[in-house]
Structures are given as C-alpha cells and as structure tokens.
There are 2 protein chains.
Amino acid sequence: MTSEDAATQADVLAQPQSRAGRNGRQAATIYDIAKLAGVSPSTVSRALNKPGRINIKTEERIHAAAKQLKYRLNPMARALPTGRTNTLGMLLADITNPVFSTVVRGAQREAAERGFTLIIAESQESGQREVLSAGNVLPSVDGIILVGARMSDEEIKDFAEQKPLVVINRFLPDVETIIPDLDPGIDQALAHLADLGHTSIAFLAGPTNSWMSGARSEALRKHSERRGLTLTEIGPGVPTLDGGRAAFPRVVASGVTAVVAYNDLMAIGLLRAAQEADYLVPGRLSIVGFDDIFGSDFTSPPLTTVRTPLALMGELAVRRILAMVGSRSDGDSPSGASSDLVNLTTELIIRRSSGRAAR
Amino acid sequence: MTSEDAATQADVLAQPQSRAGRNGRQAATIYDIAKLAGVSPSTVSRALNKPGRINIKTEERIHAAAKQLKYRLNPMARALPTGRTNTLGMLLADITNPVFSTVVRGAQREAAERGFTLIIAESQESGQREVLSAGNVLPSVDGIILVGARMSDEEIKDFAEQKPLVVINRFLPDVETIIPDLDPGIDQALAHLADLGHTSIAFLAGPTNSWMSGARSEALRKHSERRGLTLTEIGPGVPTLDGGRAAFPRVVASGVTAVVAYNDLMAIGLLRAAQEADYLVPGRLSIVGFDDIFGSDFTSPPLTTVRTPLALMGELAVRRILAMVGSRSDGDSPSGASSDLVNLTTELIIRRSSGRAAR
DNA sequence: GTTAATTTGTCAAGCGATTGCCAAAATGTG
DNA sequence: CACATTTTGGCAATCGCTTGACAAATTAAC
C-alpha cells in the first residue's frame with residue numbers, strides 16, 4: 001500500500017458517513033466551484049461576496065460555474081467565521097393568539113425583504129419557558145424580538161447584553177422597545193363611552209405579568225379621571241376567550257354599564273358569555289376591546305375596539321434590530337436608529353358593541 | 001503553583017476577553033470549558049453528548065464548568081461536522097390566512113417538544129417566490145414542510161430529493177403528503193344540505209394552483225352526483241375575504257340556494273357581501289365553509305363549516321419529517337413511518353349559516 | 001527598459017463543534 | 001508480579017466559508 005493509497009483510503013473514510021442516505025445528492029460547495037472554474041476557493045468566496053474585488057472575467061466564470069452546480073451558500077458555514085447568521089428570533093407568549101400572528105406577519109415580511117430569516121418560538125405564557133427558549137435560539141440568531149415578554153426585567157436585560165434585542169409591548173429602560181401610543185385610542189374610547197352616557201366603566205385586566213395590561217389600565221385610569229368617569233378594575237384574568245367568558249359574572253356584579261377589556265379575545269369571550277345569558281350588548285352592557293384582531297368585526301354585534309398597529313410594530317421591530325446589528329459592525333448609521341418616522345398610534349374603531357348607557 | 005492554582009488562574013484569564021462590541025460578552029465555547037476543567041475540548045464534547053463515555057467524576061467537573069460559564073452550544077458550529085441542524089423549515093402560501101397560523105401552531109409545538117426549531121417563510125401565493133424561499137432555507141434545515149404549496153410537482157420533487165420534505169394539503173406520488181380525508185365531512189355537508197331541501201348547490205372555487213381547491217371540488221362532485229344534487233362551480237377566485245365577497249354577484253346569478261366555499265375566508269366574505277346586499281343567510285342562501293378557522297363561529301349567523309384538523313396536521317408533519325430525518329442516519333425505525341395511528345378526518349360543524357332551502 | 005504602483009489571486013489560519021484512532025492509565029487475571 | 005483487558009482522555013482532521021497577509025502578474029510612470 002503506497003502512501004497515496006493510504007491517503008485515498010483516509011479520504012474515503014473521512015467522507016461524511018454515507019451522507020447520501022435515504023435522500024441527499026450532496027450540495028455543492030465553493031470548493032467544487034473552485035475546481036470547476038480553475039481557481040482557489042478563496043477566490044470563489046470573493047467573487048460571490050465582494051463584486052469588483054477580482055477580475056471581471058474570472059468573476060463571470062465563477063458565477064457560471066456556481067449556477068451550473070446549483071450552488072447554494074451554506075449559512076451555517078458562513079455564520080461560523082463571521083458570527084452573523086442572518087437570522088432573527090421572535091419569541092411569542094402564545095402563538096394561538098391572533099394578535100401575535102399579526103405581529104409575526106409584519107416581522108416576517110420585513111425580515112424576508114431584508115434577506116433575513118425568522119425563527120419563531122413560543123413561551124406559552126410562561127416566564128420560565130421563555131427564558132429557556134430565548135437561551136436556545138440565542139446562539140443561532142443575530143437578534144431577538146420579544147413580543148409580550150413574560151420574563152423579568154433583569155432576565156431581559158441579561159439577554160439584551162448578549163445580542164441586539166427589542167421588546168414589543170413592554171417598557172424597559174435601556175432596552176429598545178416598541179410600544180404604541182395608547183393615549184389617542186383610549187381617549188377616543190372614553191370620549192365615545194362618555195358621549196353615550198356611561199359614567200361608570202370597568203377594565204377587564206389581563207395577566208399580572210403582562211406589562212401591557214398594566215399600561216392599558218394605567219392609561220385608562222388617567223383618562224377616566226380627567227373625564228370624571230368611575231373606573232373599576234376586574235381581574236386579573238387569562239387573556240383568552242375563556243378568560244373573558246369567565247369574567248362575565250363579575251362584570252354583572254360590578255354593575256357597570258361599559259367594559260373595556262384588556263384585549264379583543266377577552267372582549268369577545270365576554271360578549272359571548274353575555275349573549276348566552278341573554279344579557280344585551282350593547283343594550284345593557286357596552287364592550288370595547290383592544291387590538292382589532294382578525295375576526296373582531298365578525299362578531300355580532302361587531303366589536304368596538306382600540307386598534308393597535310400590530311403588523312407595523314412587527315415590521316418596525318425588525319428594522320430596529322437590523323439597525324442595531326448593522327451599527328454593531330459597520331459603525332455606519334449614527335445611533336439615532338430609534339428615531340421613528342413611523343407613528344405608532346392607536347385609534348378607536350367604532351362598531352356596534354358599544355351603545356347608549358342603560359340606566 | 002499547584003495545578004489547582006493554574007485552574008483558578010485560567011478561570012480569571014477566561015474572563016471578559018474584550019471582544020465586547022456595542023453589546024456582546026462573548027459566548028463560552030467548549031474550549032473555555034476545557035481550560036477551566038483542565039481537560040481537552042474533545043473530552044468536553046463527549047461529556048456533554050455521550051454520557052457514560054468518560055469518567056463520571058470528570059464528567060461532573062465539566063458540567064459544573066459549563067454551568068459556571070453559562071455555556072450554550074452553538075448550533076451552527078455543531079451543524080457543520082454533523083450535517084444536522086435541528087431546525088425545520090415551514091413554507092406557507094400566506095401567513096395572513098388563519099388556516100396557516102393554526103398549522104404553524106401545531107407544528108411549532110411539536111417541533112419544540114422534540115427539541116427542534118422552526119423557521120417560517122412565506123411565498124405570498126406565488127410559486128416563484130416559493131421556490132426561491134425553499135432554496136434559501138434549504139441549507140439550514142433538516143427538513144421542509146410545505147403548506148399549500150404553489151410550486152410545480154417537479155419543483156417539489158426536486159427539493160424532496162435534497163432534504164426530507166412533507167407536503168400538507170396536496171397530493172404527489174412518491175412524496176410524503178398529509179391530506180385529511182375529505183369524504184366524511186363533505187358527505188355530511190351534502191347530506192345536511194339535502195336534508196334541508198337544497199337540490200342545486202355551488203362550489204366557490206379557490207385559486208387554480210391550489211391542489212386542495214381541486215380536491216374539494218372533485219369530492220364535492222363525486223358526492224353530489226351520488227346524491228343526485230346539481231353542482232355548479234363558480235370561480236376560480238382568490239382564497240380571501242375579498243375573494244368571497246367578489247363572488248357574490250355570480251352566486252346570485254347562478255340561482256343556487258346553497259354554496260360551499262373553498263375555505264372559511266371566502267365563505268365569510270360571501271356571507272358579508274350577502275348581508276350588505278340584504279340577501280338573507282340562510283333564508284335565501286345557505287353557506288358552508290371549509291376548515292373551521294378561528295373566528296368562524298363569531299360571524300352572524302355563525303358559519304357552518306367542514307372542519308379540518310389543522311393543528312394536528314402541522315403536528316403530524318413534524319413527526320413525519322423527524323421520522324425521515326431519523327431513519328436517514330439511525331436506520332432505526334423501520335421505514336413504516338407513514339403508518340398513521342392518527343386519523344386525519346373531516347367533520348361537518350353545523351352552525352347557523354345553513355338552513356332550509358328557499359324555493 | 002527599469003522601477004514603482006496597482007490588480008488579481010493564493011495561502012493558511014481560523015470559527016466551534018464532532019469523531020476515528022490511538023496511547024496512557026486503571027483494572028482484572030493467573 | 002507480569003500480562004491481558006478495559007477505561008479514559010487527547011490528537012488531529014474535518015465540516016464550508018471568510019479574510020488578512022502576501023506573492024505573482026499586470027499596468028503605469030519615468
């Protein structure tokens with residue numbers, strides 16, 4: 001056995017264990033291209049990434065070879081030396097909730113447009129699971145978007161130190177956040193309710209660990225005081241149809257004529273409970289939701305709700321992250337990334353679940 | 001200086017390492033652990049992946065070091081030598097459609113449970129864009145799930161040769177597919193309609209490039225013939241609320257007393273158009289949808305629809321892919337992966353958009 | 001025609017894991 | 001106590017791509 005034979009055999013052994021198993025014609029690498037085009041791999045890499053760095057003719061030859069071999073860059077392999085994965089992670093509290101699907105949609109489209117891939121993970125409303133998931137995706141993404149984070153401020157900050165991170169629907173000092181301006185929508189809602197003669201209203205709160213529920217409660221309190229309305233808080237409750245449903249008895253007991261729910265899901269749940277109890281909406285009870293999710297205009301009566309620019313928020317989150325990622329290496333765009341040309345405002349959508357107050 | 005001192009000092013040295021840019025204390029690697037534990041990197045790798053392969057005491061020491069450094073495995077780095085990414089790609093025709101969100105939910109949960117990550121991409125109902133996305137995610141996933149694929153059979157097969165692939169809601173020979181059994185639901189729907197005195201019904205078709213639309217049309221035709229019902233097909237149309245809305249005039253013109261729509265979105269759109277035109281549902285027109293998406297029971301009247309086990313299908317898709325991935329290397333589970341203990345059946349959910357036929 | 005400046009492409013060292021092969025250490029056997 | 005086994009851990013190559021440093025080739029300048 002000559003040494004060449006030995007090499008050959010070693011070579012054979014080194015082959016990735018019969019990777020052509022059940023399926024899998026092997027993907028072409030830059031080495032294959034290099035061989036075909038008669039250049040070195042590094043030249044291929046340059047031809048593909050730094051147009052102009054090498055001779056135009058070889059560049060063309062390389063591109064041709066790449067096409068011929070149906071070359072596809074391996075993102076994992078690229079990620080190793082560069083540290084950039086071109087992937088973003090999005091953590092949702094609950095995929096089931098249409099609110100989140102809308103945010104995902106906005107984010108996904110924006111990410112795709114910028115050539116980024118979106119990974120999604122769900123925490124199922126648990127802070128613990130959230131920390132876990134975040135940790136899991138962390139190494140494989142360039143940035144993380146938290147939607148309705150359930151973990152603690154410290155935990156979030158901890159992650160924010162490791163990778164660019166933006167939080168949707170929750171405020172945190174020193175962390176990029178995306179929060180719509182609640183004031184216009186809430187003010188309109190309260191004005192609308194006051195116009196209809198309501199003087200005593202209730203807020204159907206969401207989970208305690210939801211920052212946004214607190215914010216809505218707060219804003220509601222502020223504006224109702226200003227308008228001289230009485231505000232009762234019912235809850236906390238789970239932010240789902242069932243959560244809204246379950247609150248119905250307490251709503252009735254509270255004696256209010258109007259309810260603003262933490263979100264549309266709860267509003268709709270409440271609405272249905274009311275209907276099942278032949279409790280007229282809006283005759284005896286006006287209901288206002290939050291977010292204007294898909295389907296909130298299907299109900300009967302269609303839901304009056306404070307619309308939140310969900311898709312836009314997802315989009316914006318991606319843009320922010322990308323700005324952070326970029327400025328990390330390029331040091332290019334002056335850090336004024338947070339300057340929003342976009343205005344994240346809320347507005348009241350009046351439909352028919354709100355009406356004149358019963359007396 | 002004893003070796004313990006050395007370890008301690010190594011500990012100190014292992015700190016910050018100044019690579020911190022704008023953010024980013026550097027993630028610990030197995031090399032860091034190795035240094036801290038006083039072993040070689042390969043030993044660390046073994047300790048972490050092949051419990052029992054090394055001495056229990058060193059293994060413990062390594063685990064302690066890993067915890068101390070908050071070690072997190074880098075999936076990219078692992079993917080390179082192993083070829084396995086622990087990531088699955090899911091391609092949707094349209095994220096906006098609640099049908100798809102439900103499938104995503106099922107898939108995401110199952111994937112998470114099995115320790116896999118889900119990447120999602122959207123083709124926005126375009127075959128071209130779909131091929132592109134598929135190609136893009138291909139190198140970074142262990143398998144691909146296509147939901148409502150819009151690309152050609154050949155293109156799908158092409159991808160199927162490169163990576164494990166399963167297709168939801170579309171049939172293709174020689175490719176793993178997940179398709180619910182339409183017969184029970186459709187038969188029930190037709191029986192229900194016939195019972196109510198309808199003799200002439202219409203199918204509101206979806207896009208031509210949707211295999212599922214064809215399948216539903218086909219099954220409808222088969223069962224209505226058997227029952228002696230007249231079936232008209234209206235369409236094709238876009239599978240959205242607007243698509244359903246747009247079809248209203250043609251439905252009226254066709255003179256049928258009942259319509260089965262390609263999906264709930266179209267059904268709901270049609271329903272709303274009818275209401276706006278004061279065309280009574282179900283008084284003058286009965287409407288049956290498909291899928292039972294979120295919100296289809298919110299409408300008024302609530303939608304009668306053929307339910308599809310969407311979440312289950314997503315879940316199953318993940319299980320299938322995982323079985324394929326597994327059998328590729330392990331050669332473990334006998335290829336009877338396709339044996340479904342699960343039954344993917346459809347059933348009619350009777351609500352109030354269907355009623356006695358007008359004559 | 002010689003030297004300086006510029007282009008173009010190759011070398012080789014990583015990135016963070018995994019793994020076959022082998023040597024040293026520990027254990028068992030007669 | 002010498003020798004055969006089994007454990008345990010390290011070496012080094014590899015996955016596919018990027019990139020700083022440098023040499024060869026080409027072009028420009030004098």
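Here is the naming used below: chain letters follow the sequence lines, and residue numbers restart at 1 for every chain.
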Donor-acceptor pairs under 3.5 Å, side chain of residues 104-112 of chain A to any protein atom, not counting sequence neighbours: which ones?
unit_1: A/R105; atom_1: NE; unit_2: B/T96; atom_2: OG1; d: 3.1
unit_1: A/Q108; atom_1: NE2; unit_2: B/I120; atom_2: O; d: 3.4
unit_1: A/R109; atom_1: NE; unit_2: B/E122; atom_2: OE1; d: 2.9
unit_1: A/R109; atom_1: NH2; unit_2: B/E122; atom_2: OE2; d: 2.7
unit_1: A/E110; atom_1: OE2; unit_2: A/R114; atom_2: NE; d: 3.0
unit_1: A/E110; atom_1: OE2; unit_2: A/R114; atom_2: NH2; d: 3.4

### Query
Expressed in angstrom and rounded to an integer, what is the separation of A/I56 atom CD1 from D/dT26 atom P?
18 Å
### Task
In whole angstrom, give the distance that lies between atom NZ of B/K57 and atom C1' of C/dA26.
15 Å
### Task
Please determine if a side-chain N or O atom of B/N49 lies less than 4.0 Å away from the OP1 or OP2 oxygen of C/dT18.
yes
### Query
Taking only residues two or more places apart in sequence or in another chain, which ones pass side chain to side chain donor-acceptor pair (under 3.5 Å) with A/R170?
A/D153
### Query
So do A/V318 and A/L88 actually touch side chain to side chain, heavy atoms under 4.5 Å?
yes
### With sequence neighbours excluded, residues passing salt bridge (charged side-chain N to carboxylate O under 4.0 Å, His left out) with B/E125
B/R150
## Note on the structure
When rounded to whole Å, the CG to C1' distance for the pair B/L80 and C/dT18 reads 10 Å
### Message
In this structure, how many angstroms lie between the P atom of D/dA23 and the CD1 atom of A/I54, rounded?
### Response
21 Å
#### Entry: Earlier contact from the 5' end, DNA chain D, for B/N55 and A/T82
B/N55
#### Entry: A/Y71 side chain near D/dC17 phosphate (N/O to OP1/OP2, under 4.0 Å)
yes
### Pairs meeting criterion salt bridge (charged side-chain N to carboxylate O under 4.0 Å, His left out) with involvement of residues 37-61 of chain A, two or more places apart
none
### Summary
Sorted by chain and number, sequence neighbours left out, side chain to side chain donor-acceptor pair (under 3.5 Å) with A/S45 holds for A/N49
### Query
Counting just side-chain N and O atoms, does A/R78 come under 4.0 Å of either OP1 or OP2 of D/dT18?
yes
### Query
Quick one: B/R84 CZ to C/dA17 C1', roughly how many Å, whole number?
15 Å
### Query
When you check the phosphate oxygens OP1 and OP2 of D/dG9, does a side-chain N or O of B/T58 lie under 4.0 Å from one of them?
yes
### Query
Under 4.0 angstrom, heavy atoms only, what part of the nucleic acid is A/K50 near: base, sugar-phosphate, or nothing?
sugar-phosphate
### Nearest-Å distance for atom pair CD/C1', residues A/E60 and C/dT8
15 Å
### Task
Using whole Å, report how far CG of B/N86 lies from P of C/dT18.
11 Å
### Task
State whether a side-chain donor-acceptor pair under 3.5 Å links B/E155 with B/S152.
yes
### Task
Could you tell me which non-hydrogen atom of A/R129 sits nearest to which non-hydrogen atom of A/S123, and how far apart they are?
NE-O, 3.2 Å
### Query
How do B/M76 and A/R61 order along DNA chain C: which one's closest nucleotide is nearer the 5' end?
A/R61
### Message
Can you list everything that forms a side chain to side chain donor-acceptor pair (under 3.5 Å) with A/S42? Sequence neighbours excluded, please.
### Response
A/S40
Check: protein-nucleotides 10-12 of chain C nitrogen or oxygen pairs below 3.5 Å:
unit_1: C/dT10; atom_1: OP1; unit_2: A/S40; atom_2: N; d: 3.4
unit_1: C/dT10; atom_1: OP2; unit_2: A/S40; atom_2: N; d: 2.9
unit_1: C/dT10; atom_1: OP2; unit_2: A/S40; atom_2: OG; d: 3.2
unit_1: C/dT10; atom_1: OP2; unit_2: A/T43; atom_2: OG1; d: 2.2
unit_1: C/dT10; atom_1: O4; unit_2: A/R46; atom_2: NH1; d: 2.8
unit_1: C/dC11; atom_1: N4; unit_2: A/S42; atom_2: OG; d: 3.2

### Message
The criterion is side-chain contact (heavy atoms from CB on, under 4.5 Å); which residues satisfy it with A/T85, sequence neighbours excluded?
### Response
A/A79, A/T87, A/D142, B/M76
### Query
Checking all strands, does B/S45 fall into the base, sugar-phosphate, or nothing category for heavy-atom contacts under 4.0 angstrom?
base
### Task
Could you tell me, to 10°, how much the axis swings from one end of the helix from C/dG1-D/dC30 to C/dG30-D/dC1 to the other, five pairs per end?
40°
### Task
Please tell me which of the listed nucleotides, C/dT18, D/dC17, C/dG16, lies nearest to the side chain of B/I30?
C/dT18
### Query
Tell me: CD1 of A/I33 to C1' of D/dG16, nearest whole Å?
11 Å
